Amino acid sequence: MTLLMCHYHITIIEIREEAELKRSKEYEVTSLDIQTQQEFIEAMRHKNLEEKREKKYIITTYGCQMNEHDSEKLAGMLQTMGYQSTDDKKEADLIIFNTCCVRENAELKVYGNLGALKSLKKNNPDLIITVCGCMMQQPQVVEELKRKYRHVDLVFGTHNLHKFPELLANTLHSENMLVDVWEQEGEIIEGVPVIRKYDIKTFVNIMFGCNNFCTYCIVPYTRGRERSREVADILAEVTDLVQHGTKEITLLGQNVNSYGKTLDGDVTFADLLRELNKVEGIERIRFMTSHPKDLSEDLIDAIATCNKVCEHVHLPFQSGSNAVLKAMNRSYTKEKYLNLVNKLKTRVPNVSLTTDIIVGFPEETEEDFAHTLDIVNQVGFDAAFTFLYSIRQGTPAAKIEAQVEDTVKHERFNRLVERVNEICGIINQGYLDKTVEVLVEGPSKTDPSRLMGRTRQNKLVNFSGDESLIGQLVQVKITDPKTFSLNGELI
Ligand code: 5AD
Ligand code: SF4
């Protein structure tokens with residue numbers, strides 16, 4: 001154990017050859033901890049101001065919106081400390097990988113990209129390489145980093161993101177790899193000193209963790225148990241966002257439909273939507289992800305009646321086979337899913353539906369897969385994220401012996417993607433000559449001389465218009481629908 005003197009604090013850290021810092025369930029983050037981080041931010045800001053050169057950072061984010069939002073929080077803290085973002089690795093003082101471990105591919109990418117930084121670090125020993133996020137919650141990953149990636153300077157997990165200023169300050173003074181991974185989640189931390197980017201549309205966490213333990217999924221082990229933020233804290237954040245120009249919020253949680261279960265009283269996600277719908281200045285409210293087992297009648301009613309809640313539900317079904325759904329521990333059947341979809345379509349006119357699908361779960365037969373295709377055909381999804389099943393060590397499904405052969409998995413996957421895209425194209429063709437409301441986000445990615453934005457159904461629309469429209473709601477007539485986007489003209 002090493003004692004390290006910082007500008008303001010004596011901090012105890014444990015380093016490379018020693019055990020990682022761990023926190024027990026009882027550990028509570030207090031306002032004192034938040035104040036400590038504020039002081040570290042202030043100290044770093046002064047330090048950076050004294051240096052002639054502006055310090056630069058790059059954050060590479062892997063995985064879901066939850067990670068994207070965590071990266072936004074890191075960027076906010078860094079900018080408050082006086083760091084500027086860059087796209088050029090060579091001029092970076094700090095490189096952060098915010099990692100995902102939901103599938104093996106994502107992990108392999110991180111290892112590959114980390115390996116590629118070895119020579120950069122050799123040429124620039126002052127470069128600070130940081131790895132954080134879900135992968136770090138797995139002890140074998142941290143061991144691998146210690147063994148083979150000794151050029152990494154700082155490692156932390158998902159539960160102590162708020163401690164980043166302190167960890168970074170300590171890393172700058174340390175010759176060794178600093179590892180701080182908390183085994184378990186603490187309390188929800190409010191008031192983290194983040195100067196956030198106030199964008200037109202932004203994410204808002206409403207809950208953390210997951211209690212569902214789908215048998216294929218690593219998330220409950222990396223993000224911890226489900227816990228919801230207080231309604232008042234969410235309302236305060238959204239009010240602040242609106243005052244700074246935000247028009248659209250996306251409420252984030254692994255399973256937003258079970259929001260409120262960990263709070264005192266009996267507040268539900270539907271109640272939260274109704275409260276947020278009253279916030280003046282907000283134009284659109286989105287949310288993800290919804291678990292079919294918790295999509296109540298009351299929630300469908302809230303989606304249907306709250307005018308700011310967009311007509312789009314991301315409702316992963318994962319598999320169409322009841323046997324596979326049972327083995328996945330999803331707690332619903334194909335029939336129940338289709339029934340929910342029918343209710344949504346009836347109660348929420350023009351609702352767009354998107355989903356996640358896993359192909360090749362252990363023991364999946366051709367008949368099981370036919371049920372998956374059948375759901376795709378019956379529902380008509382506006383988009384589907386399709387995944388090849390990936391074994392995650394430590395999950396129950398990893399222990400099932402009869403894994404589906406790779407060639408079979410790929411063949412089914414290709415058939416599924418083809419059908420999903422075909423249906424997407426057909427749905428988008430239906431928009432020809434229709435006029436849609438678009439929230440203008442900025443220049444189009446494909447042609448920066450044009451603008452892009454999204455409809456309430458989350459369809460991407462490209463059209464020509466003046467930059468002064470950015471941040472506004474406009475009406476666009478669709479003239480040329482494509483499979484994954486719509487082209488149109490401002491009216
Ligand atoms: N293999 C493949 N896909 C997975 N997902 C989660 N775990 C796995 C896994 N082990 C997918 C699910 C989930 C999405 C975020 O990732 O479809 O909804
Ligand atoms: Fe993973 Fe299932 Fe939780 Fe989604 S609901 S994060 S798939 S365990």
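One is the number of the first residue; the rest follow in order along the sequence. Predicted model only: the values in this text are computed from it and were never measured. All ligand and atom numbering here is 1-based and tracks the order in the structure.
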Any donor-acceptor pair under 3.5 Å linking the side-chain atoms of Thr250 with those of Gln65? no

heavy-atom search around atom 1 (Fe) of ligand 2 in the protein gives Cys217 SG, 2.3 Å

Margin query: Working note: Arg274 + Asp298, criterion side chain to side chain contact (heavy atoms under 4.5 Å, CB included); need CA distance, chi angles, decisive distance, verdict.
Written below: CA-CA 11 Å; Arg274 292 186 181 108; Asp298 188 38; 2.9 Å; yes

So the atoms of ligand 2 within less than 4.0 Å of a heavy atom of Arg330 turn out to be 2 (Fe)

Atom 18 (O) of ligand 1: closest protein heavy atom, distance to 0.1 Å, is Asp356 OD2, 2.7 Å

If we number the atoms of ligand 2 from 1 as shown, the ones under 4.0 Å from a heavy atom of Pro220 are 8 (S)

Report yes if the side chains of Asp180 and Phe164 come closer than 4.5 Å at any heavy-atom pair, otherwise no. no

Numbered in order shown, the ligand 2 atoms found under 4.0 Å of a heavy atom of Tyr216 are 7 (S)

(message) Between Asn307 and Asn277, do the side chains contain a donor N or O and an acceptor N or O under 3.5 Å apart?
(response) yes

- [ ] May I ask you to check whether Glu335 and Asn322 show a side-chain donor-acceptor distance below 3.5 Å?
- [x] yes

Here the atoms of ligand 1 under 4.0 Å from any heavy atom belonging to Leu388 are 1 (N), 2 (C)

inquiry  = Are Tyr216 and Phe387, when compared by the centres of their aromatic rings, separated by less than 6.0 Å?
reply    = no

Closest to atom 7 (N) of ligand 1 among protein heavy atoms sits Tyr216 CD1, 3.3 Å

shortest atom 5 (N) of ligand 1-to-protein heavy-atom contact is with Arg103 NH1, 3.5 Å

Cys210 heavy atoms within 4.0 Å reach ligand 2 at atoms 3 (Fe), 5 (S), 6 (S), 8 (S)

### Task
Mark yes or no: Lys118 above the aromatic ring of Tyr149, with NZ or CZ under 6.0 Å from the six-membered ring centre and no more than 45 degrees from the axis.
yes

Atom 1 (N) of ligand 1 has as its nearest protein heavy atom Ser390 N, 3.0 Å

Ranked by distance from atom 4 (Fe) of ligand 2, the top protein heavy atom is Gln254 O, 4.4 Å

Under 4.0 Å between heavy atoms, the region of Met66 that gets near ligand 2 turns out to be neither

Q. For Tyr389 and ligand 1, does the shortest N/O to N/O distance drop below 3.5 Å?
A. no

- Query: Do the side-chain N and O atoms of Ser319 and Ser321 include a donor-acceptor pair separated by under 3.5 angstrom?
  - Reply: no

So the atoms of ligand 2 within less than 4.0 Å of a heavy atom of Val219 turn out to be 6 (S)

Worksheet item: Below 4.0 Å from any atom of ligand 2, is there a heavy atom belonging to Arg223?
Response: no

Quick look: Asn255 vs ligand 2, heavy-atom contacts under 4.0 Å, and the answer is neither

For Arg392, the ligand 1 atoms with a heavy-atom partner under 4.0 Å come out as 10 (N)

If you compare Ser258, Cys64, Cys214, Gly253 by their heavy atoms, the one closest to atom 8 (S) of ligand 2 turns out to be Cys214

query = Can Lys261 and Asn211 be counted as having a side-chain donor-acceptor contact under 3.5 angstrom?
reply = no

Legend entry - Between Arg419 and Asn377, a side-chain donor and acceptor under 3.5 Å: yes

Notebook entry, point to check: Checking side chain to side chain contact (heavy atoms under 4.5 Å, CB included) for the pair Leu473/Arg284: CA distance, chi angles, key distance, verdict?
Noted result: CA-CA 10 Å; Leu473 290 171; Arg284 289 175 169 188; 4.0 Å; yes

The protein heavy atom nearest to atom 17 (O) of ligand 1 is Gln318 OE1, 2.6 Å

If we number the atoms of ligand 1 from 1 as shown, the ones under 4.0 Å from a heavy atom of Ile358 are 3 (N), 4 (C), 5 (N), 12 (C), 17 (O)

- May I ask you to decide whether Lys146 forms a salt bridge with Glu143, counting only side-chain N to carboxylate O separations under 4.0 Å? yes

Polar side chain donor-acceptor pair, Gln79 to Tyr57, under 3.5 angstrom = yes

Under 4.0 Å from one or more heavy atoms of Asn212, ligand 2 contributes atoms 5 (S)

